[in-house]
Amino acid sequence: MADQNDDNLHAMRHSLAHIMATAIQRLWPGVKFGVGPVVENGFYYDVDLGPDAKISEDDFEKIEAEMAEVIKDNVPFERFEKPVDEAIAWAQEAEQPYKEELLNDLKRAGTTVAKDLDAAELGTITESASAVENVSFYKDGDFTDLCRGPHVESTGQVGAFKLMRIAGAYWRGNEKNAQMQRIYGVAFATDKDLRVYLNMLEEARKRDHRKLGQELDLFVISDLVGSGLPMFTPRGTVLRDEVAAFSNELRQRHGFQKVWTPHITKKDLYETSGHWDKFKDQLFLVTSQETSDELVMKPMNCPHHTRIYASQPRSYRDLPIRYLETTTDYRDEKTGELGGLNRVRALTQDDSHVFCRQDQIEQEINNLLASASELYAVVGMDLRVRLSYRDDSDAYLGSQELWASSQAQLKQAVVANELKYFEEEGEAAFYGPKIDFMVTDAIGREFQVATVQLDFVQPDRFGLEFAAEDGSQSQPVMIHCALLGSIERFLSVYIEHTAGKFPVWVAPEQVRLISVNQEDATVEFAGKLEALAKDKGLRISVDNSNESVGKKIRAAEVAKVPYTVVVGEKEIGGGELTPRIRGDLAVQEPAKSYTADELFGTIANEAKMRVSKTSL
RNA sequence: GCCACCUUAGCUCAGUUGGUUAGAGCAUCAGUUUUGUAAACUGAGGGUCGUCGGUUCGAAUCCGACAGGUGGCUCCA
């Protein structure tokens with residue numbers, strides 16, 4: 001039943017794309033159409049009004065009103081077919097050059113090609129893929145479109161919708177092509193479903209990491225420093241340090257050793273690795289004022305690490321050699337690609353590289369996958385694993401055979417570890433395939449966090465070797481891995497995931513003491529408790545301000561401090577403390593009292609164990 | 001980089017069709033108060049309305065450029 005509903009919703013959304021096109025054609029005659037597929041929660045249509053006209057969001061009211069007319073008329077969606085050549089003639093006649101291009105592709109290749117997510121959308125082959133004879137069309141009133149369908153029966157049957165936003169989109173996803181205007185709408189079967197969805201978006205905005213970053217005083221961005229260059233406050237720096245420490249700890253358990261490399265290097269390093277060729281437009285360049293040296297801010301760390309490996313002759317007995325470095329890399333990202341902490345120009349990676357023998361690959365990958373699974377279980381985030389393969393473009397280094405076997409090895413590792421996965425071509429690094437851990441943010445956008453990458457190319461280009469058992473020189477394999485990925489990006493997702501309610505082990509402020517009054521005895525007592533908690537390694541603060549207890553409690557709640565303890569005469573007399581526990585941590589029991597030693601000891605232990613619920 | 005939109009105190013926002021010294025709440029500071037689990041009272045300071053240029057007798061308001069931001073597209077080692 002659910003399937004049938006999904007199919008019906010899909011048909012509604014697709015039909016709404018046509019209805020929107022119908023409306024736009026009435027409002028802007030002569031508009032050229034691109035494609036108009038269904039996407040998650042709705043639909044879009046790409047349109048080109050020519051050089052002199054642009055749709056803006058102010059036009060939505062007008063378009064929606066026109067769409068309402070089409071819906072009210074309740075005209076049928078009529079399907080019909082034409083031979084390809086007649087269809088091409090139709091496109092020429094109708095002055096729809098984009099449709100004509102699609103039809104020509106269909107005729108020539110039997111498909112509208114490639115990477116386009118909407119291959120299915122673009123019109124269809126009614127016979128077999130090799131013999132394109134007829135293509136199907138749908139017509140609703142005065143609008144006719146090349147389309148595979150299916151649609152609802154008539155324009156009246158489309159549920160609830162709302163136009164959301166407008167964006168530029170390159171024709172067929174290629175930067176070199178004309179840019180069209182993409183108009184997005186959301187659509188649901190009922191008004192209620194639509195309201196629920198819009199409400200969810202509203203809620204998601206409240207937990208946006210940029211908003212929480214400001215409210216909880218975690219990071220700041222300054223125009224004087226520049227865009228994409230966030231700075232972390234004392235509180236935000238606690239988050240960075242805690243998650244990085246966890247990530248390091250997981251790998252140090254598996255024999256990784258910390259290394260350190262400088263942040264600038266001669267560009268020769270990247271010419272050798274192959275990065276210069278591929279990424280030279282996105283490197284920050286630095287010039288020495290004394291010598292003629294042209295230096296590069298490091299955009300990644302693997303080439304540096306190969307230099308440490310290569311600094312000594314290595315024996316098969318030394319392998320695997322495992323390096324770990326949490327360090328900041330610099331990439332000159334295009335301005336339009338920057339956003340919050342997701343995409344920055346100074347990104348900190350918890351980077352690591354294994355140099356190992358062929359027969360050690362499996363074990364090493366298993367260790368890394370186990371570490372990734374453990375980390376994401378502790379932070380409570382559900383991940384999808386993407387196997388990122390190459391496509392048949394020439395953007396990759398290394399032989400086809402090597403690629404085929406390393407892709408197979410990664411898949412085998414993922415299957416053996418029973419991870420939920422999907423495969424995608426064209427997502428690999430230029431030097432090798434990847435296992436990418438994907439996570440979804442508050443409004444449903446998917447980001448890569450952890451990654452494990454197999455690399456035969458850089459060992460070759462850097463001429464890495466080790467002495468094998470038989471005394472011959474052999475080439476090691478590199479396995480790149482970051483568990484958090486970019487710490488900035490990880491935090492952006494983690495802040496949204498927790499809505500700022502960090503578990504004790506990451507909470508910037510774990511305990512806050514609130515004094516009932518400002519009398520000497522109270523202040524002194526609070527000071528003693530603070531010192532005791534600090535001895536146990538807790539991050540604690542005291543609020544002695546001249547405000548009502550209620551107001552100070554509220555301030556602690558707003559700051560999402562896990563444990564708040566009010567101290568006054570009662571505590572000074574009895575010695576026992578009653579913590580106020582943040583809602584998400586508490587198990588459903590009435591508040592209990594503890595000695596200071598017990599209370600702080602338990603909290604310190606929870607932090608150490610990285611638990612997500614309190615035992616208090 | 002491209003497309004659309006946005007930018008008023010530290011924060012969240014008002015500011016009618018361009019018309020005297022640009023407002024509020026929170027936050028900050030001062031005074032009163034000495035507080036018992038989500039906001040005590042009174043007062044004060046704080047803004048060249050993102051920047052620069054233009055139109056106008058007059059610009060927060062209209063136009064342009066630039067910067068920064070948001071949502072997409074492209075890219076992501």
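In what follows, every chain begins at residue 1, and chains take the letters A, B, ... in the order their sequences are listed.
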[N] [atom2] sits how many Å from [X] [atom1], rounded?
X: A:D543; N: B:rA27; atom1: CG; atom2: P; result: 12 Å
X: A:I55; N: B:rC5; atom1: CD1; atom2: P; result: 12 Å
X: A:M478; N: B:rA77; atom1: CE; atom2: P; result: 15 Å
X: A:R345; N: B:rC76; atom1: CZ; atom2: C1'; result: 15 Å
X: A:R554; N: B:rC26; atom1: CZ; atom2: C1'; result: 9 Å
X: A:W276; N: B:rA77; atom1: CH2; atom2: P; result: 18 Å
X: A:Q448; N: B:rA77; atom1: CD; atom2: C1'; result: 10 Å
X: A:M164; N: B:rA4; atom1: CE; atom2: C1'; result: 14 Å

Could you work out which one of [options] sits closest to the side chain of [X]?
X: A:R165; options: B:rG72, B:rA27, B:rU37; value: B:rG72
X: A:E175; options: B:rC75, B:rA38, B:rU74; value: B:rU74
X: A:R489; options: B:rA40, B:rC76, B:rU37; value: B:rC76
X: A:V566; options: B:rG1, B:rG36, B:rA77; value: B:rG36
X: A:R445; options: B:rG71, B:rU34, B:rA4; value: B:rG71
X: A:F279; options: B:rU37, B:rC76, B:rG1; value: B:rC76
X: A:A167; options: B:rA40, B:rU34, B:rG72; value: B:rG72

Using the [atom1] atoms only, state how far [M] lies from [N], rounded to an integer number of Å.
N: B:rG19; M: B:rA44; atom1: P; result: 28 Å
N: B:rG23; M: B:rG15; atom1: C1'; result: 7 Å
N: B:rU17; M: B:rC62; atom1: P; result: 10 Å
N: B:rA38; M: B:rG43; atom1: C1'; result: 26 Å

With a 4.0 Å cut-off on heavy atoms, is [X] in touch with a base, just the backbone sugar-phosphate, or nothing at all?
X: A:A169; result: sugar-phosphate
X: A:K551; result: sugar-phosphate
X: A:E215; result: nothing
X: A:V549; result: sugar-phosphate
X: A:F430; result: nothing
X: A:G550; result: sugar-phosphate
X: A:E569; result: base
X: A:K434; result: sugar-phosphate
X: A:G226; result: nothing

Is the phosphate of [N] approached by [X] (side-chain N or O, under 4.0 Å from OP1 or OP2)?
X: A:Q181; N: B:rG72; value: no
X: A:R580; N: B:rA38; value: yes
X: A:T335; N: B:rG1; value: yes

If you take atom types as modelled and just measure distance, does the side chain of [X] reach the base of [N] with a donor-acceptor pair under 3.5 Å?
X: A:E337; N: B:rU74; result: yes
X: A:Y44; N: B:rG72; result: no
X: A:R343; N: B:rC76; result: yes
X: A:E571; N: B:rG36; result: yes

After noting the C-alpha distance and the side-chain angles of A:Y323 and A:F355, does the key distance pass the ring pair (Phe, Tyr, Trp, His ring centres under 6.0 Å) rule?
CA-CA 8 Å; A:Y323 296 144; A:F355 300 85; 5.7 Å; yes

Any strand counts, and the cut-off is 3.5 Å on both contacts for Watson-Crick or G-U wobble. Which nucleotide pairs with [N]?
N: B:rU12; value: B:rA24
N: B:rG31; value: B:rC41
N: B:rA4; value: B:rU70
N: B:rC62; value: B:rG54

Is A:K278 salt-bridged to A:E271, cutoff N-O under 4.0 Å?
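No, A:K278 and A:E271 are not salt-bridged.
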
For A:D455 and A:H480, does a side-chain donor sit closer than 3.5 Å to a side-chain acceptor?
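Yes - a donor-acceptor pair under 3.5 Å links their side chains.
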
When you check the side-chain N and O atoms of A:K592 and A:T578, is any donor under 3.5 Å from an acceptor?
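No, no side-chain donor-acceptor contact under 3.5 Å.
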
Between [X] and [Y], does the ring centroid distance fall short of 6.0 Å?
X: A:Y396; Y: A:F430; value: no
X: A:F33; Y: A:Y98; value: no
X: A:Y330; Y: A:H263; value: yes

Residue whose nearest RNA chain B nucleotide is more 5′ - A:R210 or A:N174:
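The answer here is A:R210.
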
So which one's nearest nucleotide on RNA chain B is more toward 5', A:K54 or A:S227?
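By nearest-heavy-atom nucleotide position, the 5'-most residue is A:K54.
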
Looking at A:F422, I'd like to know if the NZ or CZ of A:R384 sits under 6.0 Å from its six-membered ring centre while staying within 45 degrees of the ring's axis.
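Yes, a cation-pi geometry holds between A:R384 and A:F422.
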
With a cut-off of under 6.0 Å to the ring centre and 45° to the axis, is A:R182 in cation-pi contact with A:Y44?
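The answer is yes; both the distance and angle limits are met.
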
Centroid under 5.5 Å and tilt under 30°, A:Y431 to B:rA77
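Not stacked by the 5.5 Å and 30° rule.
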
